[in-house]
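Below is one structure, written out as structure tokens; comments come after it.
All values below come from the heavy atoms of this structure, side chains included, with hydrogens, waters and symmetry mates left out.
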Amino acid sequence: MSNNLEISENIRLLTQPSYSPKLMPVEHLWEDLRENYFNNRIFKSMSKVVD
């Protein structure tokens, strides 16, 4: 909303509605992943995280 805001080329701004119930399930997915799969674990590489 500012005229002085500089956005780099690798960032794309997306507008969202003030209330978006369709996005809420995604938030629960990340919560579940953090609590059940990534808690107190160390991965040797990024590929192990993806696996």
Side-chain angles (χ1 to χ4, degrees):
M1 298 291 172
S2 172
N3 292 331
N4 298 329
L5 179 65
E6 293 182 20
I7 302 170
S8 61
E9 293 179 15
N10 63 343
I11 296 177
R12 180 175 45 164
L13 297 179
L14 301 173
T15 58
Q16 288 184 310
S18 59
Y19 177 70
S20 51
K22 291 182 180 178
L23 295 177
M24 287 184 193
V26 171
E27 294 177 15
H28 294 296
L29 172 68
W30 289 115
E31 182 180 317
D32 183 59
L33 284 174
R34 276 193 311 270
E35 290 179 1
N36 297 317
Y37 299 101
F38 291 113
N39 56 342
N40 296 323
R41 295 187 70 190
I42 297 173
F43 298 95
K44 293 187 179 192
S45 67
M46 188 62 180
S47 62
K48 296 291 183 185
V49 173
V50 172
D51 289 344

Sorted by chain and number, sequence neighbours left out, side-chain contact (heavy atoms from CB on, under 4.5 Å) with Arg12 holds for Leu14
By side-chain contact (heavy atoms from CB on, under 4.5 Å), Lys44 pairs with (sequence neighbours left out) none
side-chain contact (heavy atoms from CB on, under 4.5 Å) filter on Ser8, not counting sequence neighbours, yields Asn10, Ile11
Practice task
Identify whether Leu33 and Met46 are in the same connected component of the hydrophobic contact network (ILVMFWY, side-chain heavy atoms under 4.5 Å).
Solution key: yes
Hits for side-chain contact (heavy atoms from CB on, under 4.5 Å) against Asp32, two or more places apart or cross-chain, chain-then-number order -> Asn36, Tyr37
